[in-house]
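This report concerns only the one structure given below.
No experiment lies behind these values; they were computed from the predicted model shown.
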Amino acid sequence: MECAGRGRGRGRGSRCIGSATRSCGRCGAVAYCTVPHQVSHWSDHKEECGRFELQMNRVDALSDFPFTFTPEATVGIVKKQESRCSFLSKRGLHRVGMWTCECACGDSLDSFDYSRLSPLMVYHATQLAATGNLIAEITNKLCIHYLELLQLAVFGELHALFPSVQVHIELVGPAIPESRAGESIDLCSYARCIETDCMCKSSSGNMCWDVCSERTSAVTLKVHKGLYHERYRDIVKDSIPHIVIAPNAGIAAYSSWLPTIELIKELNVPAVFSDYCEEASHLASCCISAITGRPMTIPVYSIESIQAANGRGR
């Protein structure tokens with residue numbers, strides 16, 4: 001961790017001395033190399049310290065299983081009567097899918113592919129909008145404008161989350177390769193994994209999705225390269241959104257969000273944003289409220305709160 005007061009102290013250019021080992025006694029979220037740097041930084045830190053303290057108090061909850069179990073189910077782990085490995089093994093989840101990140105012998109959370117949570121982000125965002133009466137009851141068709149490009153195949157999981165609903169997603173983002181811009185995709189089945197010895201692996205070697213030839217898929221995607229406010233006029237010729245979803249947005253970090261947020265405000269359709277952590281979500285909420293001139297109806301969610309909200313009680 002870097003010294004939060006680097007460059008501060010007696011004389012604005014004072015250098016850090018050694019490692020940042022002196023943590024803030026209240027929030028514990030920032031650290032300093034020396035007392036002078038901590039003292040000089042307080043004028044900046046005092047406004048955020050209480051907020052950081054609340055966020056730090058939630059660290060254990062947010063770093064829990066990707067899909068949390070009830071407290072009764074995990075009491076053995078809490079009391080150290082069993083390991084996470086044995087807990088997951090009893091449920092057939094040990095080293096399976098995203099659960100590989102949840103014990104010492106699996107992958108680290110740093111290597112976890114959070115794009116696997118994209119269908120849950122869609123589901124959670126839609127449920128939030130419906131609960132707040134921001135969109136009508138979903139019966140037979142749902143159109144979503146999704147402002148990011150991830151692993152396309154994972155959206156096949158929407159078959160299970162929205163049964164008997166025709167889901168169409170317009171995927172928009174500047175990172176989309178030119179070769180894929182304008183591509184339309186039908187997801188006829190659930191996503192297949194990439195494990196070479198898995199029984200679900202196709203003999204044809206197609207590991208991502210089935211291309212529909214004779215039947216209409218319940219989940220369809222169309223890919224657009226560019227920023228949403230630049231491509232919107234073309235997109236809505238064929239697709240008026242019920243909801244706009246912007247995951248992992250980094251709103252406070254990128255000025256290009258300004259015209260996009262202004263456009264979404266004009267559309268008068270519900271929009272759900274998520275960001276990388278609770279603090280980024282707080283900063284994003286401040287930015288959006290400043291642009292729109294009103295508080296947010298649906299708060300900006302962090303990745304951790306999305307995964308916890310979708311799995312509560314399993």
Side-chain angles (χ1 to χ4, degrees), residues 1-72 74-84 87 101-104 106-112 114 117 247-254 273-290 295-296 298-312:
M1 182 183 294
E2 291 185 345
C3 175
R6 61 187 181 278
R8 304 293 293 270
R10 184 177 299 172
R12 277 273 174 167
S14 82
R15 297 181 179 180
C16 289
I17 302 174
S19 302
T21 57
R22 183 182 180 85
S23 297
C24 173
R26 180 183 178 187
C27 69
V30 296
Y32 304 90
C33 64
T34 60
V35 172
H37 276 195
Q38 182 173 5
V39 172
S40 66
H41 187 244
W42 177 244
S43 59
D44 293 335
H45 180 56
K46 62 182 178 182
E47 181 181 346
E48 64 192 12
C49 187
R51 185 173 71 248
F52 284 1
E53 181 183 16
L54 293 175
Q55 294 172 6
M56 293 296 286
N57 287 340
R58 284 169 44 81
V59 165
D60 289 341
L62 295 177
S63 63
D64 203 348
F65 289 115
F67 301 98
T68 53
F69 293 88
T70 61
E72 293 78 13
T74 56
V75 65
I77 296 177
V78 173
K79 293 183 176 181
K80 302 189 183 302
Q81 295 171 345
E82 67 175 327
S83 67
R84 285 193 167 211
F87 177 85
C101 303
E102 294 305 316
C103 64
D107 297 327
S108 69
L109 280 171
D110 292 337
S111 63
F112 175 65
Y114 279 96
L117 297 177
N248 310 333
I251 289 172
Y254 300 103
F273 299 85
S274 74
D275 228 307
Y276 297 97
C277 64
E278 285 197 304
E279 180 61 13
S281 298
H282 167 79
L283 296 175
S285 295
C286 293
C287 290
I288 294 171
S289 295
M296 298 189 65
I298 301 175
V300 178
Y301 287 84
S302 64
I303 292 174
E304 301 99 327
S305 59
I306 289 290
Q307 71 182 39
N310 281 287
R312 188 69 60 196

**Message:** Quick test of your reading: applying salt bridge (Lys or Arg N to Asp or Glu O under 4.0 Å), list the pairs with at least one residue in residues 32-43, sequence neighbours left out, ordered by first then second residue.
**Reply:** none
**Asked** How many angstroms lie between OG in S281 and CD1 in I251, if you round to the nearest 0.5 Å?
**Response** 9.0 Å
**Any pair counted as salt bridge (Lys or Arg N to Asp or Glu O under 4.0 Å), so long as it reaches residues 31-40, sequence neighbours left out** = none
Could you list the donor-acceptor pairs under 3.5 angstrom formed between side-chain atoms of residues 16-32 and any protein atom two or more places apart in sequence or on another chain?
{"residue": "R22", "atom": "NE", "partner": "Q38", "partner atom": "OE1", "Å": "2.5"}
{"residue": "R26", "atom": "NE", "partner": "E53", "partner atom": "OE1", "Å": "3.1"}
{"residue": "Y32", "atom": "OH", "partner": "H41", "partner atom": "ND1", "Å": "2.7"}

**Request:** State which residues pass side-chain hydrogen bond (donor to acceptor under 3.5 Å, both in side chains) with E82; sequence neighbours excluded, sorted by chain then number.
**Result:** S86, K90
**Complete:** Nearest heavy-atom contact between Y276 and N248 is OH-O, 2.9 Å
**Message:** I need the E279 CD to E48 CD distance, nearest 0.5 Å.
**Reply:** 6.5 Å
**Message:** My understanding is that only residues two or more places apart in sequence, or in another chain, count here; which of them pass side-chain hydrogen bond (donor to acceptor under 3.5 Å, both in side chains) with E2?
**Reply:** R6
**Message:** Tell me whether Q81 at atom CD has more than 12 heavy atoms from other residues, nucleotides or ligands lying less than 6.0 Å away.
**Reply:** yes
**Asked** Could you give the distance from SG (C286) to CE (M296), rounded to the nearest 0.5 Å?
**Response** 10.5 Å
**Item:** R51 side, atom CZ; L283 side, atom CG - distance, nearest 0.5 Å
**Value:** 6.5 Å
**CZ on R15 to SG on C3, rounded to 0.5 Å** = 14.5 Å
